[in-house]
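Contents: one structure, followed by commentary.
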Amino acid sequence: MERYDPQAVELKWQDIWERERAFYVPNPADASKTDKEHTYVLEMLPYPSGELHMGHVKNYTLGDVLAHVRRRMGFRVLRPMGYDAFGLPAENAAIREGGHPRLVIERNIAAIREQMKRMGWAIDWDREVSSHEPSYDRWTQWLFIRFFEKGLAYRKEAPVNWCPNDQTVLANEQVIDGRCERCGAEVERRNLEQWFFRITAYADDLLDEMSLLESWPEHVLTMQRNWIGRSDGAEVVFRIEEQDVEIPVFTTRPDTLFGATFFVLAPEHPLVPKLVEGTPHEGEIMDYVRQAAGRSSVDRADPEKEKTGVSTGAFVTNPVNEERLPIWVSDYVLMEYGTGAIMAVPAHDERDFEFAERFELPVKVVVAPEGEEPEEGTYVPHAENERLVDSAQFTGLPAAEGKQAIVEWLESRDLGRGAVSYRLRDWLLSRQRYWGCPIPILYCESCGMVPVPDEDLPVLLPEVDEYLPKGRSPLAAAEDWVHTKCPTCGGEAHRETDTMDTFVDSSWYFIRYCDARNDEEPWNREIADYWLPVNQYIGGVEHAILHLLYARFFVKVLNDLGLLGFREPFLRLFTQGMIHYLGAKMSKSKGNVLSPDDLIASHGADAVRLYILYMGPAEDDIEWQDTGIEGMARFLGRLWRLGLEVAERGGIDVPADGPLVRRAHQAMAKVGDDITRRFQFNTPIAAVIELVNEIYHAKDDPDRAGEVRFATEAAVSLIQPYAPHMAEELWERLGHERLWEAAWPQADPALLERETFELVVQVNGRVRDRVEVPVGLDDSELLDRAKELPRVRAHLDGKEIRKEIVVPGKLVNLVV
RNA sequence: GCCGAAGUGGCGGAACUGGUAGACGCGCUGGACUCAAAAUCCAGUGGGGCUAGGCCCCGUGCGGGUUCGAUCCCCGCCUUCGGCACCA
């Protein structure tokens, strides 16, 4: 028999798909009319920093299976692809490999495109975009200017994260445990003037509009909520009487205001130098400030380290009781959260308590569980039924009411107000690197900051000799490019030389796909609103608070700007697990990387596609086993031989019913439902394998040839989303054509119903026997059947039956 | 420390709504085919026991509970993984 040759068959069909433009989905002529149900299946686009790895293979195979099934179920499916080509990963790859980033990246893109075609993924290549192309950049810059006009992109000096290795600033989201997300170097704090997106203005929308999402993993939503970190509390104004200065603090515990025993400023607080100027403490305190500035943020944030601080000798007045509290300076107070100053309540805050112990400061309990008299001078954590004590007119109030009453009291005297604070910071988007989208802003001596006029976009990256990072943007070296004329007044101007974070590019690529060749505007709104929001997004969980948060922010802004008709970009999100190999996450440094190309060469793309989804639930981390893919190749061989044998027999009348026909219908019911409703990709493969095993048991019985043919065709059709090449080849040999266009097999409900079922009989909840009985017997008939069984009688053994439970269609339980 | 997810055979996993635990694959064992091997096909495969061709007991991280019945629900632990972590 003809052996299966995956290389020949796979290339044959890839060629046919391309020639027949099988998976190209043009936009509808009139997007306002819905001609056919449509759906948008999207996977996170790759960084072309190298070739595809197994994580990509899993990601895009998941999307591919879903897209095939949806298409065959009658949907018009948008399934585009592109490249996140700018940014550190790509630029560092170029530096590593040598050569201009553009050349290296375009070479990588060409290789990735080939790999994708070789995997047989059904992609609409007419919509392919890469974020480094001027035709894409132009619109990234255009969008930036729209943000700028609305005050949502702004420039300011602030303490920022600086990666000494990558020689650029980073967004907060790109700092993991005080280290650079890309290279792992410990980040430094620097005060620099940088570009920010005002994502904090959308903090509440980002929280509240989670309700618009259809299905996101709970842990991703939790991570975003934690990252945004909304805290409800109050801002309270303390006064330094001697200097007539007011210092507001943020607190979530206004109910503990009477327990404040000291006051702490962050070392970076602008009042510190003024406060100590000319005092005997000046030298000591400014030394401490310098020392704190020199400490790394990792070191400073280490909770194991003992707290440090210095007293200023100055005092503030507590607005609620006029008590004078000593002002300290300590680096456990962060300048970037709240107001950079805190009221310290050691009895009710662990950090304040630790500091008070260290420096022997008083501890005053003002909240305690009802009826309890806590020991003075101790730390009293939150408890149920807590009430205020020792708090003047507020004493005795439950904590929640006390909070409200104190805030109202402060508000009425203009000493404070209810306030909300967020952990989220504005998104720092400028980068001092070459390989990014230029920020389209000019600095004019007389007009100030001026956006590049829309008609002059895109601002192209200048060619420079030296694009290695060196602390300031390499673009600054292109002097001819930097010096320009102001479009407003015609005077001297110079260009912004920083480039944008690559996460800006990836915050809107899914919109561009909808209208990828539009050179009048970034997209036509009607077309974008037709396809979007994305119905199913698939990608890695590593983007939970990076890309996924940024893209949500972008869409909200674009909606507010009237450019889009929806608020959330991705209705359903699926985060796939990672693939481990030889006991560890695959990585080049560990030397345990599997190459998709090698696996395709040895087993074929279909076997790779099958195994990567068969390994386990797609959301779980799973261990690649070399023998596993062999199992899938073996199954494909089994299906191949079956298909050829059935094809050779020629057309045979297919019976309307029969055990194997019913098995095939059961498989049809399971595969489609598992993929589309349960988002489960491993069990459908098992169901098809099971069906094929059943066919093998029947295939040599001449009386069942018709059934065998029906079941074989069903198996081929059902496996098509996973193994499209072999399925297509067999389908053709079985006398049909174009399986990718064939309607998805629908199970006939009548054939799923059974005439008999296996009744499970339990005695005291333990299975004692099973018996095949007709469907439709009533409870007493089922009980009679059960009690007749010898093994059941042995367990009843003359004992009195106390209770009889009947689950129709399933089981009987006799309790004795 | 806080938040989240998960613990099932030798291994990856299945069991969807509280109703037959271990589907399917890997591995292993035996058989057929072969001079032989590979490939293929067939059968077996959670552990233990017995008066073995049939039955009994145990078994889904541990200890309790609810229930006729629990991998599934509740309470308390243990372990692993992920996220956050001086955020006032």
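Atom set for the values below is all heavy atoms of this structure, side chains included, hydrogens, waters and symmetry mates excluded. Just so we're on the same page: letters track the sequence lines, and every chain starts at 1.
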Mind checking what makes side-chain hydrogen bond (donor to acceptor under 3.5 Å, both in side chains) contact with [X], not counting sequence neighbours?
{"X": "A:Glu772", "value": "A:Thr756"}
{"X": "A:Asp204", "value": "A:Arg230, A:Tyr422"}
{"X": "A:Arg641", "value": "none"}
{"X": "A:Lys699", "value": "A:Glu645"}

Can you give me the N/O atom pairs linking the protein to nucleotides 50-54 of chain B at distances under 3.5 Å, or say none if there are none?
none

Which letter, B, S or -, goes with each nucleotide of nucleotides 15-27 of chain B from 5' to 3', with contact meaning a protein heavy atom under 4.0 Å?
SB--BBS-BBSSS
Residues which pass salt bridge (charged side-chain N to carboxylate O under 4.0 Å, His left out) with [X], listed by chain and number, not counting sequence neighbours:
{"X": "A:Arg785", "answer": "none"}
{"X": "A:Arg572", "answer": "A:Glu214"}
{"X": "A:Asp626", "answer": "none"}
{"X": "A:Glu804", "answer": "A:Lys787"}

Using a 3.5 Å limit for the pairing distances, which stems of at least 3 consecutive Watson-Crick or G-U wobble pairs does RNA chain B take part in?
B:1-7 with B:78-84, B:10-12 with B:24-26, B:27-32 with B:40-45, B:46-50 with B:54-58, B:61-65 with B:73-77
Quote, to the nearest angstrom, the C1' distance that separates B:C3 from B:A70.
28 Å
A:Lys307 charged N/C atom sitting above A:Phe355 aromatic ring, 6.0 Å / 45°:
no
Could you tell me which residues satisfy ring-ring contact (aromatic ring centres under 6.0 Å, His included) with A:Phe263, sequence neighbours excluded, listed by chain and number?
A:Phe238
